[in-house]
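Since the structure comes first, as structure tokens, the remarks are kept for the end.
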Protein chains: 2
Amino acid sequence: MTNISKEDYLSVIFKHKDQNEEIKATVIAEMMNISGAAVTDMLKKLSKEGDVKYEKYKGIKLTKKGENYARNMVRRHRIWEVFLHDIIGVPWEKVHDEAHRLEHSASDELIDRMEEMLNFPEYDPHGDPIPAKNGMIPKLRKHVPLSCMKPDSVCSVVRVNDFHKEFLNYISGIGIKLNEKIVVEEVRNFDKSLRINVNGSSFDVSQKLADNVFVEIVTI
Amino acid sequence: MTNISKEDYLSVIFKHKDQNEEIKATVIAEMMNISGAAVTDMLKKLSKEGDVKYEKYKGIKLTKKGENYARNMVRRHRIWEVFLHDIIGVPWEKVHDEAHRLEHSASDELIDRMEEMLNFPEYDPHGDPIPAKNGMIPKLRKHVPLSCMKPDSVCSVVRVNDFHKEFLNYISGIGIKLNEKIVVEEVRNFDKSLRINVNGSSFDVSQKLADNVFVEIVTI
DNA sequence: GGCTAAAGTTAAGCGTGCTTAAATATAATG
DNA sequence: CATTATATTTAAGCACGCTTAACTTTAGCC
Ligand SMILES: [Mn+2]
Ligand SMILES: [Mn+2]
Ligand SMILES: [Mn+2]
Ligand SMILES: [Mn+2]
């Protein structure tokens with residue numbers, strides 16, 4: 001088993017844990033753009049190596065060992081993202097893909113050195129928490145999808161999903177960024193689309209877009 | 001054919017060209033720590049893709065296409081080395097290995113951005129020239145292996161071979177670095193070992209060590 | 001509970017980049 | 001030039017991470 005492949009599987013499983021139900025093989029297959037058969041195959045190997053607890057037709061769960069490995073990969077990824085964004089100036093919508101390749105190549109010492117240069121950041125450029133060397137994961141402010149907000153409410157951006165370039169490019173184009181205030185002016189029942197106001201300008205956005213922006217409620 | 005593998009083969013072939021005779025399959029195998037059979041195999045594929053001109057039992061030569069690809073890989077490698085060394089502070093003896101992994105993962109745009117941050121460096125931390133975006137390769141000062149120097153001569157370090165960590169660690173320990181002055185105090189005929197003076201201290205070094213340090217002659 | 005749709009697994013096979021062992025071509029030497 | 005040593009290529013096979021197609025289990029629904 002190659003490290004890159006293993007690391008990608010473990011990261012996907014670990015990141016799903018945020019949502020707190022056991023991940024399904026189908027979801028892994030979708031996230032990684034591979035067949036279900038490939039997932040079954042790999043789960044057997046990960047299980048044999050002791051990174052995943054897996055019994056066929058039953059659930060998929062990281063072992064302590066696998067969880068540690070995965071958490072470190074997520075750490076590596078997010079430190080790269082901050083480094084690329086803050087030090088090298090890579091645009092917001094490009095850091096994820098670039099980091100996704102670099103995360104497998106740097107030594108842990110290099111990652112630690114970068115973290116130090118960045119002054120031990122707690123969140124990546126999309127608002128995701130960065131696991132510390134000791135395993136601690138910073139807490140996120142209480143947040144909900146923008147799509148849940150009611151008309152005439154006000155909120156502030158806490159986190160955005162980082163895996164779709166076009167989405168990131170679009171929202172940054174209309175002024176949405178971390179900690180930006182959003183006023184919800186209108187919510188249409190028939191398609192759940194919203195009219196929002198960002199920094200003085202109004203925009204109409206789909207429910208799908210609003211599903212991927214997570215906000216802290218300021219005024220209900 | 002995976003990119004990483006292809007890129008490593010092309011880099012090895014390209015770097016050998018510095019020494020200006022056609023590379024032998026055996027040399028590729030040694031440099032990459034693989035069997036001769038594997039090299040034959042890959043040469044066929046590289047030939048089919050038009051990166052290498054190859055006829056069995058005859059020579060191995062990069063095509064224009066292959067040379068461009070390879071030169072860019074060497075560029076990527078060396079820019080990483082400077083970046084790791086100068087910006088992140090990775091120690092001299094570790095930059096090569098780290099860069100060797102990172103060189104396959106960053107986008108060309110990221111490389112260009114790093115190059116800009118570094119103010120378009122001409123040489124990497126070991127004195128090797130960095131090919132520019134347009135393909136130009138900076139000239140090196142005229143240099144010879146330290147092992148060729150005569151007793152009582154003085155020279156200055158232009159370049160060192162970067163592929164052996166222990167060697168780099170050792171020479172940096174005795175004060176050898178780029179542009180450092182070396183006084184050759186004595187050369188022993190029976191084993192070609194040298195007594196050299198670096199920054200006021202004297203050391204005995206083997207011919208093998210001196211073969212890997214390249215110097216500009218200051219005083220014969 | 002029985003039936004069906006969805007999820008998951010197995011089987012067979014493919015391309016890649018290696019390996020070792022055997023065969024063959026080239027180079028070096030007397 | 002003949003012989004031997006070395007370099008290179010071929011052949012067969014292996015581990016990996018995938019694929020599609022067929023099969024099995026589980027979950028959802030009446
Ligand atoms: Mn990311
Ligand atoms: Mn992120
Ligand atoms: Mn190097
Ligand atoms: Mn170098």
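We name chains A, B, ... by the order of the sequence lines, and we start the count at 1 in each one.
Residues satisfying the side chain to side chain donor-acceptor pair (under 3.5 Å) test with A:Lys6, not counting sequence neighbours, are A:Glu49, A:Asp51. Scored by the salt bridge (charged side-chain N to carboxylate O under 4.0 Å, His left out) test, B:Glu109 finds no partners at all (sequence neighbours excluded). Residues that satisfy the salt bridge (charged side-chain N to carboxylate O under 4.0 Å, His left out) test with A:Asp108, not counting sequence neighbours, are A:Arg76. For A:His104, the side chain to side chain donor-acceptor pair (under 3.5 Å) test picks out A:Glu7, A:Asp8, with sequence neighbours left out. Take A:His100 and apply the side chain to side chain donor-acceptor pair (under 3.5 Å) test, not counting sequence neighbours, and it matches A:Glu103.
Nucleic acid contact for B:Ser35: base, since at least one base atom lies under 4.0 Å from a heavy atom of the residue. Within the 4.0 angstrom heavy-atom criterion, only backbone atoms of the sugar-phosphate kind lie near A:Thr2; the bases stay farther away.
The CD1 atom of B:Ile28 sits 12 Å away from the P atom of C:dC18 (whole-angstrom rounding). Summarising the geometry, the separation between NZ on B:Lys48 and P on C:dG17 is reported as 13 Å, rounded to the nearest angstrom. Distance, B:Glu22 CD to D:dT8 C1': 15 Å, rounded to whole Å. Rounded to whole Å, the distance from CG on B:Asn33 to C1' on C:dC18 is 13 Å.
Close to D:dC16, at under 4.0 Å from its OP1 or OP2, lies no side-chain N or O of A:Lys45.
A ring-centre distance under 6.0 Å is found for B:His96 and B:His77.
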Would you mind building the protein contact string for nucleotides 6-11 of chain C? One character per nucleotide, 5' to 3', B for base within reach (heavy atoms under 4.0 Å), S for sugar-phosphate only, - for untouched.
-SBBB-
